[in-house]
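Taking it in order: structure first as structure tokens, then the write-up.
Keep in mind it's a predicted model, so treat the numbers as computed, not measured. In each ligand, atom 1 is the first atom listed, and ligand 1 is the first ligand listed.
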Amino acid sequence: MRGLFQTLDPMRILSGIQPSGSPHIGNYFGMMEPAIRLQEEGEAFYFIADYHSLTSIHSGEELRENVRNLAIDFLACGLDPEKATFWRQSDVPEVTELTWILSCVTPMGLLERCVSYKDKIAQGISPSHGLFAYPVLQAADILIFDSNLVPVGKDQKQHLEVTRDVAQKFNDRYGEDLLVIPEPRIREETAVVPGLDGQKMSKSYDNSILLFEETEKKLRKKIMKIVTDSTPVEDPKDPEGSYLIQLYSLVASSDEVKKMEACFRAGGQGYGHYKQQVFEKLRDHFAPMREKREKLAADTDYVDGVLEDGAKRAGEKAREVLDRVRSAVGM
Ligand code: ADP
Ligand code: TRP
């Protein structure tokens, strides 16, 4: 069996992120930080999903720039190329061949049920076949590396279910155990990071706090925009369901969170006071990464080299699985 913990091989952890703009702290706590932690626990494979971004980015220059910036961001946050294989999706084009083969075992109904297609159209992305078939490309991304574990935010849960279904359908048709059935890893505490307005933080909702805001002033200005109720300064405030506290708890210790909750209940301070605390904590939390980011941005040869080297390693593994699949389907 090739399932989780069923082989003697190390556990393979895989995840991808689209280069669709500067990452926000929802991307960081939902996907990047868990992925970075997991690089200590198995064989980590992380990539920048540029094929996926063709659904929304239509300028070659912009795509190239976003890929490079995202690589810098991820490395600055602690992705360690000595531990994790890190590459740009389109540098391993084998994945598109597997996508086609998997398309032929994917029932239409499975894709029709995916909410992300409708959500993305509602956000203004044009309806294309690529956007509709996107979960099959994602399944290929995962299955072509015999991945066991996929750390993602909650909004990717359905895509992981599709991946598991497609792998099962393939195995039913061509042979048990040909493809590994992966497990999602969704951390409950950070499953959905709220945005400034309390909705899910997202690039498309104009409610995000970027991982690396251009200036401290911009960061502070954003934090001051977090939606709160109109409880007067001196009155007690309800910490339950407060977005401010939810954001604070991403970066503060549990004692610090308890203290803020107690101050909320006691009253006597306005929300501006708490926002200042959230601002300072966030600024300090990301300060070392910001510093590292500046160094990496000045050494793009190094960054490009990391991706090139990662593509070589990822390509070897992808070939191995693709050969297995091609042979199974009769090629
Ligand atoms: P966006 O919604 O901003 O376009 P993406 O869809 O590109 O973000 O998501 C990239 C990764 O970040 C995915 O694994 C996703 O689950 C995670 N993610 C995005 N937004 C959040 C959020 N608000 N909270 C937790 N995880 C998130
Ligand atoms: N669809 C994911 C997103 O929008 C990105 C992604 C592409 C991905 N392929 C993947 C995530 C494979 C995990 C595994 O965030």
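For E320 and K317, the salt-bridge test passes: some basic side-chain N is under 4.0 Å from an acidic carboxylate O. For the pair D323 and R319, the salt-bridge criterion is met [side-chain N within less than 4.0 Å of a carboxylate O]. Between D299 and K295, no side-chain nitrogen of the basic residue sits less than 4.0 Å from a carboxylate oxygen of the acidic one, so the salt-bridge criterion is not met. Salt bridge K218/E213: absent, no basic N to carboxylate O contact under 4.0 Å. Taking a cutoff of 4.0 Å between a charged side-chain nitrogen and a carboxylate oxygen, D73 and R290 do not qualify as a salt bridge. Salt bridge present: E33 and R37 bring a charged side-chain N and a carboxylate O closer than 4.0 Å.
Residue-ligand proximity, V150 to ligand 2, at heavy-atom distances under 4.0 Å covers atoms 13 (C), 14 (C). Short contacts between ligand 2 and H52, defined as distances under 4.0 Å to a heavy atom of the residue, involve ligand atoms 7 (C), 9 (N). For ligand 1, the atoms closer than 4.0 angstrom to any heavy atom of M31 are 11 (C), 12 (O), 14 (O). Ligand-side atoms of ligand 1 in range of G30: 25 (C), 26 (N), range being under 4.0 angstrom from any heavy atom.
Taking distance alone, with nitrogen or oxygen atoms compared against 3.5 Å, V192 stays at or beyond that limit from ligand 1. Inclusion of G26 in the set of residues having an N or O under 3.5 Å from an N or O of ligand 1 is warranted. At least one N or O atom of H24 sits closer than 3.5 Å to an N or O atom of ligand 1. Residue K200 has at least one nitrogen or oxygen atom sitting less than 3.5 Å from a nitrogen or oxygen atom of ligand 1, judged on distance alone.
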Exercise. Does the pair Y248 and Y274 meet the rule for a ring-ring contact (aromatic ring centres under 6.0 Å, His included), with working shown?
Worked result: CA-CA 9 Å; Y248 189 60; Y274 300 114; 8.9 Å; no
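Shortest contact from atom 13 (C) of ligand 2 to any protein heavy atom: G16 N, 3.5 Å. Among protein heavy atoms, atom 4 (O) of ligand 1 sits closest to K203 NZ, 3.6 Å. The protein heavy-atom contact nearest to atom 3 (C) of ligand 2 is Q156 NE2, 3.3 Å. Scanning the protein for heavy atoms near atom 14 (O) of ligand 1, the closest one is G153 N, 3.3 Å. Protein heavy atom nearest atom 8 (C) of ligand 2, with residue, atom name and distance: Q138 NE2, 3.5 Å. Of the protein's non-hydrogen atoms, the one nearest atom 25 (C) of ligand 1 is A191 O, 3.3 Å. Counting protein heavy atoms only, atom 1 (P) of ligand 1 is closest to S202 OG, 3.6 Å. At the top of the distance list for atom 9 (N) of ligand 2, counting protein heavy atoms only, stands D141 OD2, 2.7 Å. Among protein heavy atoms, atom 15 (C) of ligand 1 sits closest to D155 OD1, 3.1 Å.
In this pair, F45 and F145 present their aromatic rings tilted. The plane angle is within the 30 to 60° band. In this pair, H285 and F29 present their aromatic rings tilted. The plane angle is within the 30 to 60° band.
When the heavy atoms of Y134, Y46, Y51 are ranked by distance to atom 4 (O) of ligand 2, first place goes to Y134. The closest heavy-atom contact to atom 13 (C) of ligand 1, among the options K120, K154, Q156, comes from Q156. Within the set N207, I186, V193, N27, the minimum heavy-atom distance to atom 22 (C) of ligand 1 is found for V193.
At least one test fails for R173 against the ring of F170: distance under 6.0 Å to the centre or angle within 45° of the axis. Cation-pi geometry between R88 and F47 is not met at under 6.0 angstrom from the ring centre and within 45 degrees of the axis.
The aromatic ring centroids of F86 and Y46 lie 6.0 Å or more from each other.
Using a 3.5 Å distance cut-off with no hydrogens or angles, the side chains of Q89 and D141 do pair a donor with an acceptor. Under the 3.5 Å distance criterion, with hydrogens and angles disregarded, no donor-acceptor pair is assigned to the side chains of H273 and Q276.
Residue contacts with ligand 2, taken as heavy atom pairs separated by less than 4.0 Å, involve I142 solely via side-chain atoms from C-beta onward. The proximity of V152 to ligand 2, defined as any non-hydrogen pair under 4.0 Å, is limited to the side chain. In M201, the parts holding a heavy atom less than 4.0 Å from any atom of ligand 1 are both the side chain and the backbone.
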